[in-house]
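For this chain, numbers begin at 1 and follow the sequence in order. Since the structure is predicted, the reported quantities are computational estimates derived from the model, not experimental observations.
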Amino acid sequence: MALDTAEAPRLHGVCPKQIKFGTVKDLFEFVIRCMDEEGKSSENNRLYLLDAPHAAVHFLGPDTLARNVRPADATAWLREIHKRGVKTTHPRAYLSAAFGRGIAADNDPTKEIEGTLFGIEGNPVTAVGGRVSSNARDRKLSLEEVKIFWDEFPGYASPAIVAAARMIIAMGGIRVTEVINSKKDWWHEKRTTPLLRIPKTKNDTTHDLPLTAHAISILKEAKASSHPDSEYLFQHTTEPLEPVTPNAVAKAVRKFCDETEFERFQPRDLRRTMKSHLLDHEDDLREEWIDIWHNHGQNASVARKHYDRAEYRRVKSKVAAAVDDILINAHS
């Protein structure tokens, strides 16, 4: 902690000369330590704030007093991040949250003053402009955002809701309702080719999909933690014989976005997200194959007619493999 008594506040029982104000490095290390103690994933915060070559600590100066950082300093760092082709939404959110934690730590009336403060009078990131939100109806999450959501959502929702959200992603963006309303006997992980069999889709058809490797892992965890008397895989928190509701999933996602300053999105945007990444996949998957996977109405029906049964299964297997590849790349 750096010593600074020039403008030390008058605190009952604490001599101004004894007060030490934390540096930028002290603040960021404090934030990471708190997150680790709370069981929250701190990997991305650590990366942007401390570890990356262009992390905030290097730009702002590790020995700079946190209380002396101004909006212009935060803006300059984010401008540098932007010039390097990195979206500023998440770096801005992590920096803002760090200063917010510092302010909260100083002003916690339940803790004794021990002569160590950050002395931050206002969050310098709050005034920083730029696009920090978007229309949730047409959101496509980047691979980095998919990783962040996958890793950090468990701290903001029940295990059933987390598993359901991850399953939507792991199954390449199939419909939200087809996942959260699914019953245990729709999921067959012990077959030669594990699959999900949706008895009646939005298009009034039966739809079989091979399970991705990520989906198999989630399925095993969900079944192991589910209520034995419930027919549903993803169960309501207080009424385990009923499935989780769309509203509960949407509410949990909003909570996650608001509390982490993650750019807002809705659960159904995960479908658009995964389809977009499949279309961009380096294996050049045909759009008709992806339409088959997502059961996109007439497009899927027309494409279906061009393949015999064996080839139809191979097409789905190729898409499943691509989904796993996308998620592996997101975490690499």
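Listed by first and then second residue, the side chain to side chain donor-acceptor pair (under 3.5 Å) pairs involving residues 69-82 are E80-R84 (not counting sequence neighbours). Among residues at least two apart or in separate chains, ring-ring contact (aromatic ring centres under 6.0 Å, His included) pairs with a member in residues 24-49 are F30-F118, Y48-Y94. A ring-ring contact (aromatic ring centres under 6.0 Å, His included) check over residues 216-254, counting only residues at least two apart or in different chains, returns nothing. The stretch residues 151-162 participates, sequence neighbours left out, in these salt bridge (charged side-chain N to carboxylate O under 4.0 Å, His left out) pairs: K147-D151.
By the 4.5 Å heavy-atom criterion applied to side chains, M274 and V323 are counted as neighbours. Considering only heavy atoms from C-beta on, V253 stays 4.5 Å or farther from Q266 through its side chain. You'll find the side chain of I169 stays beyond 4.5 Å of the side chain of R166, heavy atoms only. V244 has its side chain out of reach of Q235: every pair of non-hydrogen atoms, C-beta onward, lies at least 4.5 Å apart. L27 places a side-chain heavy atom less than 4.5 Å from the side chain of I120. Annotation: side chain of V57 is not in contact with side chain of E29 (no heavy-atom distance under 4.5 Å). The shortest side-chain heavy-atom distance between I180 and I161 does not fall under the 4.5 Å cut-off. L241 is listed as a side-chain neighbour of D229, based on a closest heavy-atom distance under 4.5 Å.
With sequence neighbours excluded, no residue satisfies salt bridge (charged side-chain N to carboxylate O under 4.0 Å, His left out) with R271. H90 meets the ring pair (Phe, Tyr, Trp, His ring centres under 6.0 Å) test with F262; sequence neighbours excluded. Taking the side chain to side chain donor-acceptor pair (under 3.5 Å) definition, one finds that R101 meets it with E38, sequence neighbours left out. With sequence neighbours excluded, the residues forming a side chain to side chain donor-acceptor pair (under 3.5 Å) with K184 are S226, listed by chain and number. Under the side chain to side chain donor-acceptor pair (under 3.5 Å) criterion, T260 pairs with no residue, sequence neighbours left out. With sequence neighbours excluded, the residues forming a ring pair (Phe, Tyr, Trp, His ring centres under 6.0 Å) with Y156 are F256, listed by chain and number. For E287, the salt bridge (charged side-chain N to carboxylate O under 4.0 Å, His left out) criterion is met by no residue, not counting sequence neighbours.
Separation of atoms SG (C257) and CZ (F153) is listed at 8.5 Å; rounding is to 0.5 Å. Rounding to the nearest 0.5 angstrom, the gap separating the NE2 atom in H294 from the CD1 atom in I292 is 12.0 Å. Here E261 contributes atom CD and T89 contributes atom OG1; the two are 10.5 Å apart, rounded to the nearest 0.5 Å.
Electrostatic pairing of R33 and D36 does not count as a salt bridge here, judged by no charged N lying under 4.0 Å from a carboxylate O. A salt bridge links D280 with K140: the distance from a Lys NZ or Arg NE/NH1/NH2 to an Asp or Glu carboxylate oxygen falls below 4.0 Å. Between D291 and K275 a salt bridge is recorded (basic side-chain N to carboxylate O distance below 4.0 Å). Of the charged side-chain nitrogens involved, at least one lies within less than 4.0 Å of a carboxylate oxygen, so that R264 and D258 count as a salt-bridged pair.
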Evaluation steps, side chain to side chain donor-acceptor pair (under 3.5 Å), between N295 and T201: CA-CA 8 Å; N295 201 27; T201 68; 2.9 Å; yes
Verdict with supporting geometry, D26 and T23, side chain to side chain donor-acceptor pair (under 3.5 Å): CA-CA 5 Å; D26 293 328; T23 64; 3.0 Å; yes
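With hydrophobic clusters built from ILVMFWY side chains whose heavy atoms lie under 4.5 angstrom apart, L279 shares a cluster with L143.
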Side-chain polar contacts of residues 185-196 - donor-acceptor pairs under 3.5 angstrom, sequence neighbours left out - could you list them?
from, atom 1, to, atom 2, distance (Å)
W187, NE1, S182, OG, 3.0
H188, NE2, D185, O, 3.1
E189, OE1, K223, NZ, 2.9

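Geometrically, R67 engages F21 in a cation-pi contact, judged by NZ or CZ lying under 6.0 Å from the ring centre and within 45° of the ring axis.
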